[in-house]
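Protein chains get the first letters and strands the later ones, always in sequence-line order, with residue 1 at the start of each.
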Number of protein chains: 2
Amino acid sequence: MKPTVHDIAAHAGVSLATVDRVLNGRAGVRPATREKVEAAIEALGFVRDVAAANLAKGRVYSFVFILPANDNSFMQALRAEVQAAAERGRRERMSLVMRDVPAFDIAALVAALDDAGRDRPDGVAFVAIDAPEVRAAADRLVEQGIAVVTLVSDLSGSRRVHFAGIDNIAAGRTAGTLLGRFLGGRPGPVLPLAGSLMVRDHRERLEGFGSVMAERFAARAILPVLEGRDDPVETGRLVQEALLAHPDLAGIYSAGAGNRGLIRALQAGGSGVRPVVIVHELTGATRDALAQDLIDGVLNQDAGHEVRSAIRVLKAETDRSAVVAAQERIRIDIFLKDNLP
Amino acid sequence: MKPTVHDIAAHAGVSLATVDRVLNGRAGVRPATREKVEAAIEALGFVRDVAAANLAKGRVYSFVFILPANDNSFMQALRAEVQAAAERGRRERMSLVMRDVPAFDIAALVAALDDAGRDRPDGVAFVAIDAPEVRAAADRLVEQGIAVVTLVSDLSGSRRVHFAGIDNIAAGRTAGTLLGRFLGGRPGPVLPLAGSLMVRDHRERLEGFGSVMAERFAARAILPVLEGRDDPVETGRLVQEALLAHPDLAGIYSAGAGNRGLIRALQAGGSGVRPVVIVHELTGATRDALAQDLIDGVLNQDAGHEVRSAIRVLKAETDRSAVVAAQERIRIDIFLKDNLP
DNA sequence: CTGTTAGCGCTTTCAA
DNA sequence: TTGAAAGCGCTAACAG
């Protein structure tokens with residue numbers, strides 16, 4: 001049978017309370033006593049039962065998720081995943097509240113972070129805007145002993161314990177290789193599209209994309225980046241114009257959201273061979289477009305995985321326990337028509 | 001505060017024991033009483049605390065993993081993941097034992113399954129060989145009330161509760177599209193490679209591969225499948241011969257293991273442009289080959305994910321609780337040089 | 001500084 | 001058919 005606190009108390013010749021104090025690193029134990037207990041723990045190979053401990057503590061993990069009130073499909077999916085996790089959480093001694101903040105609003109995000117801190121939750125997860133004020137606010141939470149995790153978009157130089165999101169430079173490079181190789185010898189320029197170059201993830205994707213194109217497909221002309229503000233209408237308009245301006249357009253890489261507009265423009269595109277298209281995020285629209293051969297590949301980050309991972313990391317941080325590193329690496333999923341889930 | 005068994009006992013005007021009997025569907029409760037309790041559960045929105053229940057039961061989940069004593073990198077990785085999970089399990093009231101059986105040996109696998117059943121574990125996970133005898137043995141376990149999960153390779157028509165592995169037909173199709181598109185207009189035939197056509201996963205991969213080639217790249221000549229028995233030496237020899245016999249060989253799809261041999265043959269290949277190569281399973285060898293531009297893409301199944309998923313499903317089955325379906329779908333990971341983990 | 005004792009939420013004898 | 005009471009492994013007052 002696995003040894004329990006009782007066994008180690010007996011073995012060390014002390015009471016349960018003392019064992020508990022040593023186990024939890026609380027003060028008020030004479031060094032000699034502490035050593036006896038530690039020796040017993042070592043000797044019996046004791047590992048504490050976290051479930052029992054949490055039960056005794058009456059612990060309820062309390063986490064706050066702060067998400068941008070952005071209306072694109074990806075953010076909707078992310079919110080749905082947080083919601084689902086919150087519901088499951090009831091079964092597992094976890095209270096998870098979700099708060100919306102206006103998108104791309106630094107002041108609002110800072111306020112939300114400070115606000116979240118006031119309730120003294122065990123952990124906070126949020127989609128970062130990469131700004132010094134936000135970094136400072138995140139660090140204030142860490143200062144209070146609250147575990148902080150960034151979600152989808154990271155915050156450089158901050159003391160957040162973890163980033164639950166993909167490597168966007170690698171994603172951009174992957175898109176570049178896919179697009180370059182799918183194009184093969186087909187002539188014509190390539191159009192990069194983003195939501196906004198102010199957002200770190202889009203910027204990094206284009207950076208990765210650009211470097212691969214320069215390294216491996218140097219002959220290919222790259223048009224200037226168009227910014228569609230993650231808005232389907234705006235994006236659609238920009239693409240339509242580009243298709244007219246460049247009848248020989250060979251490829252499109254859409255690093256941002258608003259792909260419904262891109263897809264509509266492609267459908268309307270009409271005559272000629274359509275360009276090779278790689279986009280981000282598997283949504284209803286991009287999924288259908290892939291199935292109908294309107295686009296060629298979708299890079300995706302799994303919102304469900306990101307949310308579950310953020311929760312696991314926050315829990316582990318609260319318990320001071322370890323995570324399985326490999327499980328918390330968010331993959332860059334590549335979907336072709338053939339491996340749609 | 002979340003309602004507990006005490007609350008519902010009070011609300012229903014019965015004792016804890018009766019509540020427990022109803023909760024666990026045990027006999028010996030008058031229908032009228034049962035209904036009172038069920039009404040209280042409903043009214044208070046009670047959800048049982050599984051951790052507390054397991055503590056009280058002194059439950060230790062007991063699972064057996066049966067893996068082929070196959071020496072390729074993938075199986076080694078799989079065994080390492082099971083080992084790691086077993087170690088973590090000590091912390092989480094789980095006893096996980098791993099048993100080896102000779103690879104591709106139906107009788108040995110059947111014996112191992114029957115043997116596992118004798119210890120009456122809560123669940124068994126194993127890499128299936130798709131044969132009627134194995135199916136019967138698996139069903140015998142299910143009959144005993146043991147949860148059964150197949151791992152990596154599935155068992156058609158059996159009563160296993162879950163398959164923790166990838167969709168191999170889709171994987172083959174994906175490989176086909178990648179290879180076909182990477183080839184573009186480059187002339188020359190394509191060589192499919194497998195470990196053995198007796199194994200279901202390899203067969204399915206080639207099936208998917210073949211259908212995509214026929215549908216979308218009909219002009220491309222496909223050479224007869226070569227079987228390398230998942231052995232590096234044998235596979236290397238076959239590829240070397242093929243390279244000599246077909247100097248214009250344009251592509252290779254390796255659906256099985258033994259890729260070290262393939263890679264060596266490619267390195268030796270020397271003169272001319274090397275074929276476009278897509279293989280399965282990210283190992284040390286395939287990873288290096290990808291980084292060095294010796295091969296073009298790796299399809300992968302995440303052994304760690306498969307093992308963790310199998311465990312989650314077995315646990316859920318034992319507890320009669322639900323899983324997050326999306327979390328248990330094993331992805332077909334696609335790795336290019338640019339998104340290596 | 002250390003020990004005693006009463007739980008956390010649930011299950012399980014053993015009586016009634 | 002039902003209930004009282006003890007206890008799973010751990011923590012947290014409260015004494016001493």
Side-chain angles (χ1 to χ4, degrees), chain A residues 1-38 40-41 44-61 89-95 122 318-321, chain B residues 1-38 40-41 44-61 89-95 122 318-321:
Chain A
M1 228 16 227
K2 248 182 56 176
T4 75
V5 276
H6 289 92
D7 300 322
I8 93 134
H11 191 100
V14 299
S15 75
L16 283 189
T18 300
V19 173
D20 186 66
R21 284 190 264 264
V22 173
L23 237 37
N24 293 288
R26 276 189 279 269
V29 183
R30 209 164 3 119
T33 316
R34 173 176 304 275
E35 273 162 34
K36 270 196 303 183
V37 174
E38 275 160 356
I41 292 177
L44 304 190
F46 171 85
V47 286
R48 83 119 88 37
D49 183 327
V50 182
N54 284 344
L55 174 58
K57 276 202 271 258
R59 145 161 286 154
V60 178
Y61 298 94
R90 301 212 326 109
R91 248 145 274 259
E92 291 154 27
R93 330 195 115 247
M94 175 178 76
S95 130
D122 296 314
T318 319
D319 291 340
R320 284 160 185 37
S321 64
Chain B
M1 229 17 229
K2 247 183 56 178
T4 73
V5 275
H6 290 92
D7 300 323
I8 92 131
H11 191 101
V14 299
S15 74
L16 285 188
T18 301
V19 172
D20 185 69
R21 286 189 262 266
V22 173
L23 237 37
N24 293 288
R26 274 187 280 269
V29 184
R30 217 170 348 126
T33 317
R34 173 177 304 276
E35 273 162 33
K36 272 197 301 184
V37 174
E38 275 161 356
I41 291 176
L44 304 189
F46 170 85
V47 286
R48 83 120 85 40
D49 183 327
V50 181
N54 284 343
L55 175 58
K57 278 201 270 259
R59 145 163 285 156
V60 177
Y61 298 96
R90 302 213 324 115
R91 249 144 273 261
E92 291 153 27
R93 330 194 114 248
M94 177 178 75
S95 129
D122 295 313
T318 317
D319 291 339
R320 283 158 185 35
S321 65

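Boundaries of the chain A contact region on DNA chain C are C:dC1 to C:dG9, first to last in 5' to 3' order (nucleotide atom under 4.0 Å from a heavy atom).
Side chain of A:Asp20 to backbone of A:Leu16: no donor-acceptor contact under 3.5 angstrom is found.
If you check every strand for non-hydrogen atoms under 4.0 Å, B:Gly28 touches a base. Using a 4.0 Å heavy-atom distance criterion, B:Val19 is classed as making no nucleic acid contact. Base contact: A:Val5 has a heavy atom under 4.0 Å from a base atom.
Looking at B:Arg59 and B:Asp319, a side-chain N of the basic residue comes within less than 4.0 Å of a carboxylate O on the acidic one, giving a salt bridge.
The CZ-P distance, from A:Arg48 to D:dC8, rounds to 19 Å in whole Å. Atoms NZ (A:Lys2) and C1' (D:dC8) sit 12 Å apart, rounded to a whole Å. B:Leu55 has its CG atom 4 Å from the C1' atom of D:dC8, to the nearest Å. A straight line from NE2 of B:His6 to P of D:dA5 spans 12 Å, rounded to a whole angstrom.
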Pairs under 3.5 Å (N/O, protein and nucleotides 12-14 of chain D):
unit_1, atom_1, unit_2, atom_2, d
D:dA12, OP2, A:Arg26, NH1, 3.3

>> Between A:Arg48 and A:Asn24, does the side chain to side chain contact (heavy atoms under 4.5 Å, CB included) criterion hold? Intermediate values first, please.
In response: CA-CA 10 Å; A:Arg48 83 119 88 37; A:Asn24 293 288; 2.7 Å; yes
> Could you walk me through whether A:Arg93 and A:Leu55 pass the side chain to side chain contact (heavy atoms under 4.5 Å, CB included) check?
Replying inline: CA-CA 9 Å; A:Arg93 330 195 115 247; A:Leu55 174 58; 3.8 Å; yes
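Residues meeting the side chain to side chain donor-acceptor pair (under 3.5 Å) test with A:Arg30, sequence neighbours left out: none.
Comparing B:Gly13 and A:Phe46 by the nucleotide of DNA chain D that holds the closest heavy atom to each, the one mapping nearer the 5' end is B:Gly13. Mapped onto DNA chain D by nearest heavy atom, B:Arg93 and B:Val29 fall at different nucleotides, with B:Val29 at the one closer to the 5' end.
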Considering only distance and modelled atom types, tabulate donor-acceptor pairs under 3.5 Å from the side chains of residues 4-13 of chain A, sequence neighbours left out.
unit_1, atom_1, unit_2, atom_2, d
A:Thr4, OG1, A:His6, N, 3.1
A:Asp7, OD2, A:Thr4, N, 2.8

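The terminal axes of the helix from C:dC1-D:dG16 to C:dA16-D:dT1, fitted over 5 pairs per end, subtend an angle of 40° to the nearest 10°.
Proximity of B:Ser15 to the phosphate of D:dT2: no side-chain N or O atom is located under 4.0 Å from OP1 or OP2.
A heavy-atom distance below 4.0 Å to DNA chain D is reached by none of the residues of residues 30-37 of chain A.
Within the 4.5 Å cutoff, no side-chain heavy atoms of A:Val22 are placed close to those of A:Thr33.
Between A:Lys2 and B:Arg90, the shortest heavy-atom distance links the atoms NZ-O, 3.1 Å.
Residue A:Asp49 holds its CG atom at 11.5 Å from CZ of B:Arg91, rounded to the nearest 0.5 Å.
Here the rule is side chain to side chain contact (heavy atoms under 4.5 Å, CB included) with A:Val29, and of A:Lys36, A:Arg21, A:Glu35 only A:Arg21 fits it.
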